[in-house]
Each structure stands twice: as structure tokens, then as C-alpha cells.
Amino acid sequence: MAEKDSPILVWFRLDLRLDDNPALCRAVESGKPVVPVFIWSPEDDGNWPPGGASRWWLHHSLASLAGSLPQRGSRLIFRVGSAAGILDDLVRETGASAVYWNRRYEPDLVNRDARIKKMLRGQNVEVMSHNGNLLFEPHATRNKAGGPFKVFSPFWKHCSQREVGDPFTIGDRRIPSPAKWPGSVRLEDLSLLPTVDWAAEFPAWWTPGESEARRRLDDFLSGPVGDYSEERNYPARDGVSRLSPHLHFGEIGPRRLFAGAQGKLKRARSGSGRAGISKFLAEVGWREFAHHLLYHYPDTSENPLRPEFSRFPWRRDRASLTAWRKGETGYPIVDAGMRQLWRTGWMHNRVRMIAGSFLVKDLLLPWREGARWFWDTLVDADLASNTLGWQWVAGCGADAAPYFRVFNPVLQGKKFDVDGDYIRQWIPELKELPGKWIHCPWDAPKDVLDAAGILPGKTYPTPIIDHHEARLRALRAFETIKKL
Ligand SMILES: Cc1cc2nc3c(=O)[nH]c(=O)nc-3n(C[C@H](O)[C@H](O)[C@H](O)COP(=O)(O)OP(=O)(O)OC[C@H]3O[C@@H](n4cnc5c(N)ncnc54)[C@H](O)[C@@H]3O)c2cc1C
């Protein structure tokens, strides 16, 4: 095969889009034939293969990508197996002279990709990896002393002084195809969809894929972002972007998001509008910070960043863990969040913090139990952000909430779900309860409960633990690791 006819394999991973995809863009610019490939290789992910909700999303996101490629004269090849073996096969089958991909930063995958690079280069195959998933790559971001950042504010200040490149684009160009396509299994052969009907409600909430990601960003930037600083705290309101699964699967790139937000920032007239956009970008900064931390502290998905927490006296209590997972703790704001998670694959950030705090502080159960459950049930499950979120909640991570600050689920509910709308949406058993009692049904007089059709312990659980006692127990547990 003449050098100019030998294809470039573009290995799609968490970058399931055509726009702002540097690996694809560079391959198309070369003028050579391009073979887009997706490899389902969950065993390559070590302890964290994609969970159930992520697989559901992945299936539909791949269907969307595979559906858009033919409009460019191309197609998506699916394979199943270890990525190294499959790429080796594909290079032989297609005579590919190069493999391009966008980098991932999870520790197991950094190591895997380094091995694959070595293998391919040993076969004289050109390998080019690109930054498609972050604004600022972890290995290129260092503090003044040359080390990684551990505190968000200086991290983001440092990042904000750097240039973000323009999004990559192939415009409406066709993607050159090879003379002969390699074989592909069907998307269905990846068996990503759940066999039980647990995800039945997901399609009512989500449409995976690049065009929906772009629509969601545009909608958010043309309205809600202006009030984001305030509205982002209220789970019953439409104050956040819900872009997290789209960002996780790379259906939209952070450069495109940044360019959109910057454009909006320039046009924003009011101070509060500008503040909303800056706050939104700072939250995207937390995503960057999460990747920075996991990259530089690669064992934090398993172990606390603060070593003293490895001695923390966590409890084992299957019944409480089950009640938490099912949203049956008897604390309405916690239960509403856990039910939203189960039914939609997503939970509002404020409630993630409250429900997470309840698990690790009130129930004294290990943060990794929470991280595991979120991993399986979140459509945006992301190793870096989930690890950061749980270590933040447990007080054992970088720039984390101090352990001694224990969220009171009743006060948090009253403050951020003032009228109880969020609770009523997810806990229909409490629907008829007046706002005065909705955050603490156990305090409601019997006639109020009767009128609302609530039988404590029967139609809705009584609290599985007393928050005030639990708080004191958590503080005592914390003292033990401080003393050692
Ligand atoms: C215990 C816990 C676990 C979490 N697990 C995950 C996870 O697995 N995947 C995930 O994407 N986020 C996780 N988060 C962070 C946050 O809750 C979600 O990113 C956010 O709720 C997504 O909703 P949104 O897209 O509407 O966010 P918006 O408020 O619209 O923010 C825009 C984007 O910024 C990023 N972002 C916002 N807040 C954070 C944050 N605190 N940390 C990292 N990135 C952030 C997300 O990519 C988000 O899509 C977790 C938080 C906690 C407390």
C-alpha cells in the first residue's frame, strides 16, 4: 500500500464527538484515509470499569456518533477486547501507518496508553496523542515550587492566567475513507444496556450525543447562566447546566464550552450576569482540578489524600447502607437525592454534598462505599470528579470540607429547598405534607400526618439515626485520628 493510502486509526475514547476533536481533526488534515474506532475494553480500567448508568449513556452516545459519521462519508468500527490487542490487530488488518487519540488521565489508563504507544512505535507506527478533554493538562500545570496544586483557588487563579486554545474544527469536511473497511462487531454486541428495566426513565431526562450537548450548552448560556451564582444552590430549580454527562463522555469539549462562555462574558452587560458566567467557568475549573489531583495523586481513588484518614474508625452496617442507597433514611432531603439518582442517573450537586455527608458523618460509613454506589448509578460517573467529591465530603481530600463541619440535613433542606418542592418531586409519599413539616416529618402533629396520609415507619421511614447524636459520634471518631 502506498504511504499516502495507508490509513490513520482514530481511536475514540471519552471524546465522542466530531467537533473540537483534535485527534480527528489532525487525521483529517493529513488527507489520509481515516478509520474511526471504538474499543470496548472495560478490563483495561482496573478497579473502575464503567458502571451501569455509564454503560447506558455510552451505548446511546456511541449510537449517536456512529449515526453522524456516515453524513461525513465515514463509519465507526466497534471492537471488543483489550485495547492493545485490538489496535495491534487493526494495524495489521488495515495497514495503518498511524494511530491518533485524545489523552485520558486516569492512572490505569495513563499506564496502559504508555504501553500501547511503545508497542506501536516498536512496529514503526506513528502515534500522536492530543489534549481533547481538558483546558489545562495536569502534567503541564505546576505551582511555583514546581509541585502539584492542592488548593483550588491558587490552582484556578494560575489557570485563569493561561491561554486556552481555540476549538479544533473540521467544518463540514468529509472524512476520507479507506479503500477497504475493517470488520466491526455491532454496537449491540458490546452489551452495554442494562438487562433489568432500571434505566427505563432515563430517556425522559437525557438525550446522549453531541448535538444535544451543544444544544444544552447554548440554552444554558443564553439564559440560566446569568443567575448561576445564586440559582446553582437550589435543587428544585433549573439553575445548573446538567452538562456533566456530556462533558464526561466528551460529547462536548471544554474548549468549545470555554469559547462559548467567553463570548457570552464579552457580551454580558450586567455585573451579576458576568459573575454567573465566571462562577460557571470556575465550576468547570473544579473538573480540571479533579483531574489534576487524580493525575498527581494516583492512588486517591482508593486511599484518602490525607494519610491520617486511613486510620479512621469507619463502621460496617449493611442495613444503614441499604437504607441510604434506597433513599429510605427518614431524612427527606437525603432520600429525595438518592431517589433522584436512582431514577434519573443524576443528582444535584448541593444534594450530592448533603447525601454524601450523611453517609460518612451521620452513618460513619466509608466514603468509598458512597463513591462505589455513585460510580454505578451516575450517568456522569467520572473517576476524577467522583474521587474529589467524596474526599471533599469526607474531609480527607485536597481543599476538602473540614471533617468537624457536619451538614445538618434538616437545616440544609430548609435553606436550599425552602418550600419542599424538590422533596415533593422525589418522595410522593410526602407530597401532601405542609412546608413547615416537610423537612422533619417526625415533628409533625398526628392530625397533620393523618391529613397528609402519612403513617410514620409505614408509608415513610422514621429517621434511621438521630442527627444530633450522630454528629457527636462523628466528632468523637474524628478525635481518635487527631490524637494518633
Ligand atoms: C460526592 C460527590 C460526587 C461527585 N461525583 C461526580 C462525578 O462522578 N462526575 C461529575 O462530573 N461530577 C461529580 N460531582 C461534582 C458535581 O456534583 C457535578 O459535576 C454536577 O452536579 C454536575 O451537574 P451540572 O452539569 O449541572 O453542573 P454545573 O453546575 O452546571 O457545572 C458545570 C460543569 O462543571 C463541572 N463541575 C461542577 N461542579 C463540580 C465539582 N464539584 N467537581 C468537579 N466538576 C464539577 C461539571 O463538569 C459540570 O458539568 C460530584 C460531587 C460530589 C459532592
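Both counts, for ligands and for their atoms, begin at 1 and track the order of listing.
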What part of F374 sits under 4.0 Å from ligand 1 if we count only heavy atoms: the side chain, the backbone, both or neither?
-> side chain
Of V360, L243, N233, which has the heavy atom at the shortest distance from atom 25 (O) of ligand 1?
-> L243
Are the side chain of N133 and the backbone of R103 linked by a donor-acceptor contact shorter than 3.5 Å?
-> yes
R232, R352, K279, Q391: member with heavy atom nearest to atom 20 (C) of ligand 1 | R352
Who's the nearest protein heavy-atom neighbour of atom 19 (O) of ligand 1, and how far?
-> S244 CB, 4.1 Å
Would F289 count as a contact of ligand 1 if the rule is a heavy atom under 4.0 Å away?
-> no
Please report which non-hydrogen protein atom sits nearest to atom 31 (O) of ligand 1, along with the residue it belongs to and the distance in Å to one decimal place.
-> Y228 OH, 3.5 Å
W375 near ligand 1 by a heavy-atom separation under 4.0 Å = no
Identify whether the distance between the nearest side-chain nitrogen and carboxylate oxygen of R350 and E231 falls below 4.0 Å.
-> no
Quick one: does K361's side chain have a donor or acceptor within less than 3.5 Å of a partner on R471's backbone?
-> no
Do W442 and Y331 pass the ring-ring contact (aromatic ring centres under 6.0 Å, His included) test, and can you show the C-alpha distance, the side-chain angles, and the key distance before you say yes or no?
-> CA-CA 9 Å; W442 56 89; Y331 283 91; 5.2 Å; yes
Any donor and acceptor pair, going by atom type alone, linking the side chain of D417 with main-chain N or O of I423 inside 3.5 Å?
-> yes
For atom 38 (N) of ligand 1, what's the nearest protein heavy atom and its distance?
-> E283 OE1, 3.2 Å
